[in-house]
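Small disclaimer: the values here were computed from a predicted structure and weren't measured.
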Amino acid sequence: MNAYIVERDVLLRNIRLLVSRTEAAVYGVIKGGGYGLGLIPMAEVLKEAGVCRFAVTEVTEVRALRENGFMEEEILMLRETGLESELRELLDLKATVTVGSLDTVGTLRQIAVETGVRPVCHVKVDTGMGRYGFLPDRLEDMEAVYRMEALDVRGVYTHFNRSYDDEALTRQEFAAFASVCEALESRGIQVGLRHCCNSSAFLKYPEMHLDAVRLGSALLGRLSFPGDGGGLRPVGRCESRVEVLRTIPKGHAVGYGAGWKAKRETVIAVCGVGYYHGFGPPSRNDLSRFRDCFGGALSYVKAFLTRRSLWVTVNGKPARVLGHVGMVQTVFDVTDIPCKVGDVVELPIKPLEVKGMEIRFL
């Protein structure tokens, strides 16, 4: 009954619109199972739109692409790994490997010498994300990587950590990355493809496109900052059905903890989608810094003052969610909406949060 519907034509339009805005090479980032929409279907639509460079984070994703016919396309492994078993498989699969430490480089070089396979690599520079990469002042290490005959280094990149909302920090990171590239080139090194833009940086800072860009969430029309991205549209929606219609009296409660009580006789509808499937407000907060805790508390205060509510759509009309969202049920007010059991309910769910339902491309 429940399905996440992907509008293929909208996805194709988004991709073509983004490609038209740059002279840079485009990597379609399809990590996380194609941002929850399916690795192979996403790759197929990207290829139809002329994007034949992919970026992923798992060896299993590289393998799945190769096994499903994507034999000639470049696949950039964004996650650095120093695990010998993973590096061997990446070489077998002819993936482009990210290197950001001498430990990884040493293991990769050893495998390359042993197998006679010269791996294609991109050097990662850590300008602030802090997960992988050479720090900008490790120029000697990066120069050494480029000069290793056992490796075929074809690019260099970084990843901004707040390009969606901090311009000053993003420009600082960009300056650090540009400085690394210039310093390496001044030493006679051809750095290859330079890339630093993720989706938000791509849209906000076109002067930073350089030689290549990495686009993920923008493909889906989902932005991490206000706006529509210049015409990008969300590509998917969750569809369920009205399973039950009931009339409850004034004063009757709905949901766990009696979180909502009827102020009048109310017609309610129930559908079989809940927080298990990905519907509802985000609750993850894994940082305990003051500003993060304060920001979280402020969002709750704002929700209280504005009486912010969750909504679904029934027969094209908005219906307010009542009470707490259940694990596998959501209740909503249809007092003023003509509807019947079996009518379609649309629920806003981010693709990566979808669980327990079919993903269907139309």
Side-chain angles (χ1 to χ4, degrees), residues 25 27 29-32 53-62 74-113 117-163 169-170 172-187 189-198 201 208 210-216:
Y27 283 91
V29 181
I30 47 179
K31 62 183 180 180
R53 298 174 188 259
F54 305 134
V56 298
T57 58
E58 301 301 324
V59 177
T60 53
E61 294 170 329
V62 181
E74 180 188 356
I75 305 175
L76 170 63
M77 175 69 162
L78 293 170
R79 174 173 61 84
E80 180 183 5
T81 176
L83 296 173
E84 183 178 341
S85 59
E86 289 195 327
L87 288 172
R88 286 185 181 278
E89 187 164 4
L90 289 171
L91 263 64
D92 287 342
L93 294 167
K94 296 181 172 56
T96 299
V97 181
T98 289
V99 294
S101 70
L102 291 181
D103 284 343
T104 296
V105 170
T107 304
L108 187 61
R109 180 181 179 279
Q110 177 185 336
I111 298 169
V113 171
V117 176
R118 192 166 182 243
V120 176
C121 308
H122 282 202
V123 169
K124 180 74 177 287
V125 182
D126 178 11
T127 57
M129 183 64 83
R131 297 183 301 201
Y132 311 115
F134 293 101
L135 293 173
D137 62 357
R138 305 301 295 181
L139 286 170
E140 290 77 11
D141 292 345
M142 288 183 269
E143 180 180 0
V145 174
Y146 270 97
R147 296 196 186 282
M148 283 187 184
E149 292 185 1
L151 307 183
D152 182 7
V153 186
R154 298 185 185 179
V156 59
Y157 73 104
T158 192
H159 186 44
F160 300 138
N161 65 20
R162 288 192 65 175
S163 58
L169 177 60
T170 302
Q172 177 181 322
E173 288 190 67
F174 179 71
F177 178 65
S179 178
V180 167
C181 295
E182 290 168 5
L184 289 171
E185 289 174 341
S186 72
R187 299 180 181 206
I189 292 172
Q190 298 296 316
V191 296
L193 284 180
R194 302 163 302 154
H195 49 110
C196 59
C197 282
N198 56 3
M208 298 182 188
L210 302 179
D211 304 311
V213 295
R214 306 182 304 272
L215 303 180

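Not counting sequence neighbours, the partners of D152 by the side chain to side chain donor-acceptor pair (under 3.5 Å) test are R154. Among residues two or more places apart in sequence or in another chain, the side chain to side chain donor-acceptor pair (under 3.5 Å) test is passed with N161 by none.
For the atom pair E86 CD and T60 OG1, the distance stands at 9.0 Å (nearest 0.5 Å). One distance of note links CZ of R187 with CD of E140; it measures 5.0 Å at 0.5 Å rounding. Once rounded to the nearest 0.5 Å, the distance linking NZ of K94 with OG1 of T96 reads 12.0 Å. Between the CD atom in Q172 and the CZ atom in F160 there is a gap of 11.0 Å [rounded to 0.5 Å]. The OG1 atom of T107 lies 11.0 Å from the CG atom of L102; values are rounded to the nearest 0.5 Å. One distance of note links CG of L93 with CG of L91; it measures 9.0 Å at 0.5 Å rounding.
R53 places no side-chain N or O within 3.5 Å of a backbone atom of Y27 that could act as its donor or acceptor partner. Counting only distance, with no hydrogens or angles, the side chain of D211 and the backbone of R194 share a donor-acceptor pair below 3.5 Å. At least one donor-acceptor pair closer than 3.5 Å links the side chain of E61 to the backbone N or O of G32. No donor-acceptor pair closer than 3.5 Å links the side chain of Y132 to the backbone N or O of R79.
Nearest heavy-atom pair, T170 versus S163, reported as atom, atom and distance to 0.1 Å: OG1-CA, 3.2 Å. Contact between T81 and L87 at its shortest, heavy atoms only, is O-CD2, 3.4 Å. Here the closest heavy-atom approach between residue P119 and residue A112 is recorded as CD-CB, 3.5 Å. Closest heavy-atom contact between Y157 and T98: OH-OG1, 2.6 Å. In this structure, G133 and D126 approach most closely via the heavy-atom pair O-CB, 3.8 Å. In plain terms, the two heavy atoms of V191 and Y146 that are nearest each other are O-OH, 2.8 Å.
Results of the side chain to side chain donor-acceptor pair (under 3.5 Å) test with H159 over E173, K124, R214 single out R214 as the only residue that passes.
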Practice problem: Start with the C-alpha gap between D141 and V105, add the side-chain angles, then the distance that decides, and say whether side chain to side chain contact (heavy atoms under 4.5 Å, CB included) holds. | Solution: CA-CA 10 Å; D141 292 345; V105 170; over 6 Å; no
Self-check item: CA sep, side-chain torsions, deciding dist, call: L108, M148, side chain to side chain contact (heavy atoms under 4.5 Å, CB included)
Solution: CA-CA 11 Å; L108 187 61; M148 283 187 184; over 6 Å; no
Exercise. Could you check F177 against V156 for side chain to side chain contact (heavy atoms under 4.5 Å, CB included), going step by step and ending with a plain yes or no?
Key: CA-CA 9 Å; F177 178 65; V156 59; 3.9 Å; yes
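Applying the side chain to side chain donor-acceptor pair (under 3.5 Å) test to residues at least two apart or on different chains, none of the pairs has a partner in residues 174-186.
Between the side chains of E80 and S101, a donor-acceptor pair is found at a separation under 3.5 Å.
Applying the 6.0 Å contact sphere to CZ of R138 captures no more than 12 heavy atoms from other residues, nucleotides or ligands.
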